[in-house]
Amino acid sequence: MCQKRAVFKPMTIEDREMFKQRCGGSWKLVLRYLLAGETCCRREKSQAIAGPGHSIAVTASGAVYTFGSNSSGQLGHGNQEEEWRPRIIKSLEGIRIIQAAAGSGCTMLISDAGRVYALGKDSFGEAEFGAQGSKIFSKPQLVESLKGIYVVQAAIGNFFTAVLSREGKVYTFSWGNDAKLGHQTEPNDVEPHLLRGALENTLVVQIAAGYCYLLALACQPSGMSVYSVGCGLGGKLGHGSRTDERYPRLIEQFQVLNLQPMVVAAGAWHAAVVGRDGRVCTWGWGRYGCLGHGNEDCESVPKVVEALSKVKAVYVATGDYTTFVLSEEGDVYSFGCGESASLGHARNIDGQVNRHTNILIPELVTSLKTINERIVQISLTNSVYWNAHTFALTDSGKLYAFGAGDKGQLGIELADRQNERGVPELVEIDLS
């Protein structure tokens, strides 16, 4: 069963034996690790990524479509012109992409061979540092410094980028000045550095990056756990304080809650986890109600969202003060900031339709119920920008978009003077 997984096939006999020992000494544990990664990251399946101003769609066969803002060539079509409709990256023909990540003016794509291709700004720390982004790449460029690492996932945060290897190790680029991530680097460093500390000998199955912090979902023989590192403002590291952490630290609250984390999401200033039993926990800065607890208070340790107690969740996505939860039945709930109409709720107030209402408690996205298809993935803009948009992907490969579309990031042509969609609209692309 392990040999059927794409990331396992290329391993040599020696690599497989070493991998088995790293997983705990049995093939059953190896399979558990591989399946856990596929579940939380949709590896080897179709996916859609709602980036800050641009979007990425990966088909089940590994073809990549991009659309939206292209000021830095991040769409990969050899130019810097906006695209209002999904357009395939022709230069990737013959290369199967299994994962994608979007940042401000940059895109990262990961192939089934573990290779990483970068588009847009020539940096791994976005544009916060003046020295970065002096060059742009409008076509996919192989990241040479990662050639020796078989990568399965990338996460782009503010000031840094992180990648996860097939063996469950985490490497970071940039944002290492003052040893903020456990190592000292220059802002424009393009060499990967192994994340030291507690995760060096721990299998990580998923990483998630937010504003100056990183979460890692770890798989151990004793069970699943979450570690955090970086900036602690707003309590988003989950340790009961707002203290920064230079090295990965275990979030102990999940043991207190008797919750086995299965999916982790890092928003700009808040985070969320789905447990094996379907419970949802949120923590961090609660502005606009993005934690779903009925208020705007900060939570410095993970707290169960009681309003979802009758819902068995299987997936969670977070953005800039927004949160979406996907249930086992395929229902979608959202809460948080209503700017850009990215929550999918249209409210009739005094005869006027208001799509920008903040939602403090999880609310069913009824506009997604009307399409009569099972939703399998939600993606929303995860950055400190207000022009957020959201994707909902169905099990048949149909993609629906709503929210801000001023740069073409919805993949839908908007009428004159329109810059957003308040309810989901079908994007003309088949991801199956």
Side-chain angles (χ1 to χ4, degrees), residues 41-70 73-79 81-102 107-112 117 119-120 138-140 315 317 324 326 330 332 341-342 344 365 367-368 370-382 387-415 418-432:
C41 298
R42 288 191 61 81
R43 290 173 198 149
E44 302 188 50
K45 297 179 181 179
S46 59
Q47 56 188 269
I49 309 297
H54 75 288
S55 304
I56 311 164
V58 182
T59 71
S61 61
V64 180
Y65 291 81
T66 57
F67 43 101
S69 175
N70 196 27
Q74 63 265 39
L75 299 186
H77 303 307
N79 57 43
E81 299 175 4
E82 289 181 359
E83 294 287 344
W84 285 70
R85 295 285 184 179
R87 181 180 172 187
I88 194 168
I89 301 180
K90 293 182 179 179
S91 60
L92 288 173
E93 186 175 354
I95 299 172
R96 185 189 177 204
I97 299 299
I98 62 169
Q99 274 283 298
T107 299
M108 295 186 77
L109 304 172
I110 301 167
S111 75
D112 61 349
Y117 298 84
L119 312 166
S138 58
K139 288 188 176 182
Y315 188 80
F324 277 71
L326 178 62
V332 179
S342 61
V365 184
S367 57
L368 284 172
T370 59
I371 65 176
N372 295 319
E373 285 216 49
R374 182 183 178 83
I375 305 298
V376 294
Q377 187 213 356
I378 294 287
S379 177
L380 54 154
T381 307
N382 180 11
N387 58 337
H389 66 295
T390 304
F391 287 131
L393 179 65
T394 71
D395 58 357
S396 66
K398 292 180 181 177
L399 184 64
Y400 290 83
F402 50 100
D406 55 315
K407 300 292 185 181
Q409 64 265 48
L410 295 179
I412 300 165
E413 293 282 357
L414 300 180
Q418 285 190 336
N419 58 16
E420 66 184 29
R421 277 285 190 270
V423 294
E425 186 167 332
L426 182 65
V427 183
E428 292 183 5
I429 182 175
D430 183 3
L431 299 185
S432 63

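Keep in mind that the numbers below use all heavy atoms, side chains included, and drop hydrogens, waters and symmetry copies. Treat the numbers as computed from the prediction; the structure is a model and nothing was measured.
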Enquirer: Can you tell me how far apart OG (S61) and CD1 (I97) are? Round to the nearest 0.5 Å.
Expert: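 It is 11.0 Å, given to the nearest 0.5 Å.
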Enquirer: Within the distance-only criterion (no hydrogens, no angle test), does the side chain of T390 pair as donor or acceptor with the backbone N or O of S342 below 3.5 angstrom?
Expert: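 Pair found, side chain donor or acceptor close to backbone of S342.
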Enquirer: Closest heavy-atom contact between E413 and R421?
Expert: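 So the minimum-distance heavy-atom pair works out to O-NH2, 3.9 Å.
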Enquirer: S69 and H54: side-chain donor and acceptor closer than 3.5 Å?
Expert: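 Side chains of S69 and H54: no pair found under 3.5 Å.
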Enquirer: Carefully, step by step, assess E93 and I88 under the rule side chain to side chain contact (heavy atoms under 4.5 Å, CB included).
Expert: CA-CA 9 Å; E93 186 175 354; I88 194 168; over 6 Å; no
Enquirer: Is there a side-chain contact between T370 and V423 (heavy atoms, below 4.5 Å)?
Expert: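 Result no, sub-4.5 Å side-chain heavy-atom pair not found.
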Enquirer: Looking only at non-hydrogen atoms, find the nearest pair between I98 and Q47 and report the distance.
Expert: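 Minimum heavy-atom contact is O-NE2, 2.9 Å.
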Enquirer: If you round to the nearest 0.5 Å, how far is OG1 of T394 from CG of N372?
Expert: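 Atom-to-atom, N372:CG and T394:OG1 are 11.5 Å apart.
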Enquirer: Would you say S111's side chain and I95's backbone share a donor-acceptor pair under 3.5 angstrom?
Expert: no
Enquirer: Mind listing the closest non-hydrogen atom pair of S432 and A60 along with its distance?
Expert: O-CB, 3.4 Å
Enquirer: For the side chain of N70 and the backbone of E81, is there at least one donor-acceptor N/O pair under 3.5 Å apart?
Expert: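 Confirmed, N70 side chain pairs with E81 backbone.
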Enquirer: Could you give the distance from CZ (F67) to OG (S55), rounded to the nearest 0.5 Å?
Expert: 4.5 Å
Enquirer: Would you give the length of the straight line joining atom CD1 of I378 to atom CG of L368, rounded to the nearest 0.5 angstrom?
Expert: 6.0 Å
Enquirer: Nearest 0.5 angstrom please: I375 CD1 to E373 CD, how far?
Expert: 7.5 Å
Enquirer: In terms of ring plane angle, is the pair F324 and F402 parallel, tilted or perpendicular, where the classes change at 30° and 60°?
Expert: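 The rings of F324 and F402 sit tilted, inter-plane angle from 30° to 60°.
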Enquirer: Determine yes or no for a side-chain-to-main-chain donor-acceptor pair under 3.5 angstrom, with S379 supplying the side chain and F391 the backbone.
Expert: no
Enquirer: In the structure I gave you, are the side-chain heavy atoms of N387 and Q409 within less than 4.5 Å of one another anywhere?
Expert: yes
Enquirer: Any luck finding a side-chain donor-acceptor pair between H77 and T66 under 3.5 Å?
Expert: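 The criterion, which ignores hydrogens and geometry beyond distance, is satisfied for T66 and H77.
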Enquirer: Could you walk me through whether L414 and W84 satisfy the side chain to side chain contact (heavy atoms under 4.5 Å, CB included) test, starting with their C-alpha distance in whole Å, then the side-chain angles of each, then the deciding distance to 0.1 Å, before giving a yes or no?
Expert: CA-CA 9 Å; L414 300 180; W84 285 70; 4.2 Å; yes
Enquirer: Is T107 reaching over with its side chain to a backbone N or O of Q74, donor-acceptor style, under 3.5 angstrom?
Expert: yes
Enquirer: For the residue pair L393 and S46, establish whether any side-chain heavy-atom pair is separated by less than 4.5 Å.
Expert: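 Sidechains of S46 and L393: in contact.
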Enquirer: Would you mind reporting whether T381 and P52 have side-chain heavy atoms less than 4.5 Å apart?
Expert: yes
